[in-house]
> 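Quick one: the structure is below, questions incoming.
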Number of protein chains: 2
Amino acid sequence: MSPARTTAGAPISSIGRGIAVLGCFNERRRALTLSELSEKSLLPMSSTHRVVAELVTGGFLVRGSDRRYRIGTRVWSIGQLAPVSDQLRHRALPTLARLYEETGENITLAVLDRGQALYVDRIGGERSVHTASRAGGHLPLHTTGVGKVLLAWQSPEAIEKYLSRPLTRTTPYSIVDPVKLKTELVETKNRGYAVARQESTAGNGSVAVPILRGGRCVAAVGVVAHLTHMDIPRLVEVLQQAADSIRKELEDDH
Amino acid sequence: MSPARTTAGAPISSIGRGIAVLGCFNERRRALTLSELSEKSLLPMSSTHRVVAELVTGGFLVRGSDRRYRIGTRVWSIGQLAPVSDQLRHRALPTLARLYEETGENITLAVLDRGQALYVDRIGGERSVHTASRAGGHLPLHTTGVGKVLLAWQSPEAIEKYLSRPLTRTTPYSIVDPVKLKTELVETKNRGYAVARQESTAGNGSVAVPILRGGRCVAAVGVVAHLTHMDIPRLVEVLQQAADSIRKELEDDH
DNA sequence: AGTAGAGTTCCGGTCATTGGAACCTAATTT
DNA sequence: AAATTAGGTTCCAATGACCGGAACTCTACT
């Protein structure tokens, strides 16, 4: 029959297919049927069936009583060994908790991952506003404080590359003009912190600062709050202290 | 050339090989070289090289500047979608935090996973003793409080199956005699809680209770403390309250 | 310069993988 | 109750992706 390359545009290895199936899951879709997986992974039903069966055997997928597939415990378990969880998340946690105590607002920690802001941790939610970010979730780089920070400290080439692709509009306030965004990024890097106003969620704003190691921005810490609550100078101060504290924590060993 | 089945005993699919490589990583070995992966996965170097390259392309592995491979951010990200993290962990967290406030000791939450106790969460460590358990890590079922609970509430057949295989000895106090362990499990289920005394770590003991849903034990909550600090009746009381609280939390929506 | 070890590339043979088609099952409609 | 639909599973012939031994390159250490 036709080779693997016919279905999708490029040839995909067996392992690539497995990853493609696992990649169909996201925060909105945590339980998928075989048909849904077939549709989203762009694989034929019979191939999806086989791949899924192999992933189930390996503990990477589980089939619920509702006939839907979910990410298996084993993926979570192995994922705990990723440096982002093992090194960054665990070391930053106490500082983030302190930051939450000081501000009473949502605290987020994010890293750059595959062209998006990956939320490594999020503390808060009870006393503060509801946010779109969730630990493990991705958001665009240009609509949030932490995203702008992560992008602004990238190399000029990487920034240009990001600007060359169309910028998604999440809210009416999202900056989707590459020229305006570039100005915003330059300003962000110059002053040392980023601000976003209703660019990701209506009514919410965010302030974020980089965690720098050897000139590289390895992560960003941010505060998400109701736009009217935001005392930017004060938030920047506590955030910079926190970023410094996390940086030192990361330096301690290794 | 010889087929896939020659190297290992049974034939392994390509996806199975990928999972085998990812499975080489654990808490003790978070950064592995290609040779180490080849040795541990039982795959030839050239095959390992190809599989690893595919996993790197998919974002499931990353190669550090030290030429060692680590679990990629993407595995962590996808793993966050697993029910164990998404449902159990997040819902139980506030209760576990409260339990920690009340006792000042290490609090653990574990589920049964592949014949071992999988530690879903662990709170404490500053005021209390140092423990072997870590979120994402596995420990044997017969050497810890949570493990005994998870095993005791299994079906008689599952218990027999576990007892039929040799029981690992972690400390001189570990129960490795199947007959003794069986008695211990019956007693555990009758009284509703499990106790372990230096069976996993010297000097430490643990008490644990089940979180039951529809007669099934879906998880276990436990306290790990210095043997001399353990006020068992009091710990059982607060643990049972906590288990009840988590059970209600899980019932709330689906 | 020499050596050892780790990592990478090459390549022919072959069998695991592939996907269309047929089949089965459960749910919904007529 | 029969018919229909959708979702899921099994079958199977064809084939090219995968396999791993061997050769090669690179790095580190003597």
Side-chain angles (χ1 to χ4, degrees), chain A residues 1-25 28-72, chain B residues 1-25 29-72 254:
Chain A
M1 304 295 159
S2 35
R5 70 188 72 237
T6 46
T7 309
I12 307 173
S13 69
S14 292
I15 288 178
R17 284 159 185 248
I19 293 176
V21 166
L22 292 172
C24 294
F25 293 86
R28 299 259 155 221
R29 304 182 179 274
R30 289 174 199 155
L32 297 169
T33 64
L34 192 66
S35 311
E36 287 166 340
L37 284 171
S38 172
E39 187 190 352
K40 288 188 161 276
S41 67
L42 304 177
L43 295 174
M45 269 291 277
S46 55
S47 297
T48 309
H49 187 263
R50 191 168 9 88
V51 170
V52 162
E54 279 158 7
L55 289 170
V56 168
T57 303
F60 272 37
L61 280 184
V62 284
R63 167 211 244 125
S65 55
D66 55 358
R67 302 173 139 263
R68 284 171 178 273
Y69 292 93
R70 280 162 237 269
I71 297 296
Chain B
M1 305 296 160
S2 35
R5 69 190 75 233
T6 48
T7 309
I12 308 174
S13 68
S14 291
I15 288 179
R17 284 161 183 246
I19 293 177
V21 166
L22 292 172
C24 294
F25 294 85
R29 303 182 179 275
R30 291 173 198 152
L32 297 169
T33 65
L34 193 65
S35 312
E36 288 166 339
L37 284 171
S38 172
E39 187 191 351
K40 289 188 160 279
S41 66
L42 305 176
L43 296 174
M45 268 291 276
S46 55
S47 298
T48 309
H49 185 263
R50 189 168 8 90
V51 170
V52 162
E54 281 159 6
L55 289 170
V56 168
T57 303
F60 273 37
L61 280 183
V62 284
R63 167 211 244 125
S65 55
D66 54 357
R67 301 173 141 262
R68 284 171 178 272
Y69 293 93
R70 280 162 236 269
I71 297 296
H254 194 65

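The chains referred to below are lettered A, B, ... by the order of the sequence lines, with proteins before strands, and numbering in each begins at 1.
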> Just call it for B/Arg50: base, sugar-phosphate, or nothing, with non-hydrogen atoms closer than 4.0 Å on any strand.
base

> Tell me the interatomic distance from B/Leu32, atom CG, to C/dA6, atom P, rounded to whole angstroms.
14 Å

> Expressed in angstrom and rounded to an integer, what is the separation of B/Leu55 atom CG from D/dC18 atom P?
13 Å

> Would you name the heavy atoms of B/Leu37 and B/Val52 that are closest together and state the gap between them?
CD1-CG2, 3.9 Å

> Check the phosphate of C/dG7 against B/His49, side-chain N and O only, distance under 4.0 Å to OP1 or OP2. Yes or no?
no

> If every non-hydrogen atom of B/Glu54 is compared with every non-hydrogen atom of A/Ile19, which pair is closest and at what distance?
O-CD1, 4.3 Å

> Hey, which sits more toward the 5' end of DNA chain C by its nearest nucleotide, B/Ser14 or A/Arg67?
B/Ser14

> List for me each residue that meets side chain to side chain contact (heavy atoms under 4.5 Å, CB included) alongside A/Arg68, sequence neighbours excluded, and say none if there are none.
A/Ala31, A/Thr33, A/Glu36, A/Asp66, A/Arg70

> So, for B/Ser14 and A/Ser14, which heavy atoms are closest and what is the spacing to 0.1 Å?
CB-CB, 3.4 Å

> Nearest-Å distance, CG (A/Leu37) to C1' (D/dG8)?
12 Å

> For B/Arg63, answer base if it contacts any base atom (sugar-phosphate contacts may also be present), sugar-phosphate if it contacts only those atoms, and nothing otherwise; contact means non-hydrogen atoms under 4.0 Å.
sugar-phosphate

> Quick one: which of D/dC19, C/dT18, C/dT8 gets closest to the side chain of B/Arg17?
D/dC19

> Give the angle between the helix axes at the two ends of the helix from C/dA1-D/dT30 to C/dT30-D/dA1, taking five base pairs at each end and rounding to 10°.
40°

> Start at the 5' end of DNA chain D and walk down; is the nucleotide closest to A/Thr33 or to B/Ser46 reached first?
A/Thr33

> To the closest 0.5 Å, what do you measure between SG (B/Cys24) and CG (B/Leu42)?
8.0 Å

> When the distance from CD of A/Glu39 to C1' of C/dG19 is rounded to whole Å, what number comes out?
18 Å

> I need the CG-C1' distance between A/Asp66 and D/dG8, as an integer number of Å.
15 Å

> What are the two closest non-hydrogen atoms of B/Leu43 and B/Arg17, and how far apart are they?
CD2-NH1, 3.6 Å

> Using a 4.0 Å heavy-atom cut-off across all strands, classify B/Ser35 as base, sugar-phosphate, or nothing.
sugar-phosphate

> Using the closest heavy atom to pick a nucleotide of DNA chain D for each, name whichever of B/Ser47 or A/Leu34 lands nearer the 5' end.
A/Leu34

> Round to the nearest Å and state the distance from B/Leu42 atom CG to D/dC19 atom C1'.
16 Å

> What nucleotide, of C/dT17, C/dG7, D/dT9, holds the atom closest to the side chain of B/Met45?
C/dG7

> Determine the minimum heavy-atom distance between A/Tyr69 and A/Arg63, stating which atoms define it.
OH-NH2, 3.6 Å

> If I take atom CD in residue A/Glu54 and atom C1' in nucleotide D/dC18, what distance separates them, rounded to the nearest angstrom?
13 Å

